Protein chains: 2
Amino acid sequence: MYIHVMNKSTLYKGCLEPIIMRLLKDNGRMYGYQLTQMVKELTKGELQITEGALYPLLHRLEEQGVVETEIENIGNRVRKYYTLTKAGKKQTNVYVEELRTFIQSLNLIVNPKTAG
Amino acid sequence: MYIHVMNKSTLYKGCLEPIIMRLLKDNGRMYGYQLTQMVKELTKGELQITEGALYPLLHRLEEQGVVETEIENIGNRVRKYYTLTKAGKKQTNVYVEELRTFIQSLNLIVNPKTAG
DNA sequence: TATGAATACATAATCAAATTATGCATTACT
DNA sequence: AGTAATGCATAATTTGATTATGTATTCATA
């Protein structure tokens, strides 16, 4: 019988946006690669953001006016820093609250006895 | 400026499969509509599974041999009950563990101080 | 000093899985 | 009689990931 092996990384579909915005809110100016590293560190390697997911997301956020960017040259290398706009910060508060509620909901399903 | 309003229900993209399997493992035989109601109740209305997401998922799980079904007639109405197969139960344990780890990861990002 | 790993960005093709909309039918409520 | 709730299903579309690829710099090391 065929057993479907779910890639656990697909769990965070839909959560990436609030995750990134939360990190930007907490840490101010950050660049893309730094965001991937911070997620990896914070989650002890559990969550690994792929570049193909991250960069298009950051571009969408910029289009929407949620973040603004600055290019910085580190030696010969280019970094693109992202900062939340005022509207972006406001939006982040909403998203993070929703994410907290969502986590609580997941807990209620997965650990119905302990999660109150 | 355009502010993107995220539908918070989209957060659970990718988590639906382990959620449903977990409920089936806990409660044995369940039918589709019942699953949607239980998720709604458990999460105090926060998570609402749409039919367009649920039924195709259940059909996929059946194809994969994760669940098996029984049709039951309640008066003139038809219900389709789903039960985890042996392989399905095994798989559920893995998925639920992954989901727990994922929840913990989310916590580490959203509540870095309190989540250990 | 060449080679690979890490850093740093970007995008196109593809796939998975949801939303939205629709359809059908029964039962319960008002 | 009409509406909401129960109960299933599926098609069209959209979203948002994966995977693969490309470019380029910096650093460690064999």
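No experiment lies behind these values; they were computed from the predicted model shown. Letters A, B, ... mirror the listed sequences (proteins, then strands); counts begin at 1. Note: hydrogens, waters and symmetry copies are ignored here, and every other heavy atom, side chains too, is used.
- Comparing A/N76 and B/Y55 by the nucleotide of DNA chain D whose heavy atom lies nearest to each, the residue mapping closer to the 5' end is B/Y55.
- Counted by atom type alone, B/N111 and A/R100 present one or more donor-acceptor pairs between their side chains at under 3.5 Å.
- Residue B/G32 is in sugar-phosphate contact alone, with no base atom involved, counting any heavy-atom pair closer than 4.0 Å across all strands shown.
- Protein atom CD of A/E51 is 13 Å distant from nucleotide atom P of D/dT19, rounded to whole Å.
- Within the nucleic acid shown, A/R77 comes within 4.0 Å of at least one base atom, counting heavy atoms only.
- Side-chain N/O atoms of A/Y12 include none lying less than 4.0 angstrom from OP1 or OP2 on C/dA17.
- In this structure, B/R79 atom CZ and C/dT26 atom C1' are separated by 12 Å, rounded to whole Å.
- If you measure from atom CZ of B/R29 to atom P of D/dG7, you get 13 Å, rounded to the nearest angstrom.
- In terms of phosphate contacts, B/H59 brings a side-chain nitrogen or oxygen within less than 4.0 Å of OP1 or OP2 of D/dT10.
- Heavy atoms of B/L16 sit under 4.0 angstrom from primed sugar atoms or phosphate atoms, though from no base atom.
- Under a 3.5 Å cut-off, the side chain of B/T85 and the backbone N or O of B/V66 do form a donor-acceptor pair.
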Which is it for A/E63 and A/R60 under the salt bridge (Lys or Arg N to Asp or Glu O under 4.0 Å) test, yes or no, and what are the steps along the way? CA-CA 5 Å; A/E63 262 181 69; A/R60 282 200 299 279; over 6 Å; no
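- Between A/R60 atom CZ and C/dT11 atom P there is a gap of 12 Å when expressed in whole angstrom units.
- In this structure, A/E17 atom CD and D/dT14 atom P are separated by 19 Å, rounded to whole Å.
- In the set D/dC8, C/dA18, D/dT10, C/dA18 carries the atom at the smallest distance from any side-chain atom of B/A53.
- Atom NZ in B/K80 sits about 9 Å away from atom C1' in D/dA9, given to the nearest Å.
- At least one donor-acceptor pair closer than 3.5 Å links the side chain of B/Q34 to the backbone N or O of B/Y31.
- Of the candidates D/dA9, C/dT11, C/dC9, C/dC9 carries the atom nearest the A/Y31 side chain, counting heavy atoms from C-beta on.
- The listed nucleotides are C/dA10, D/dG7, C/dT19; the one nearest the side chain of A/Y82 is C/dA10.
- With rounding to whole Å, B/N73 atom CG is found 11 Å from C/dT27 atom P.
- Salt bridge annotation for B/R29-B/E72: present, with a cationic side-chain nitrogen under 4.0 angstrom from a carboxylate oxygen.
- Residue contacts for B/Q34: at a heavy-atom cut-off of 4.0 Å it reaches no nucleic acid atom on any strand shown.
- Distance B/L61 CG to D/dA9 P: 13 Å, rounded to the nearest Å.
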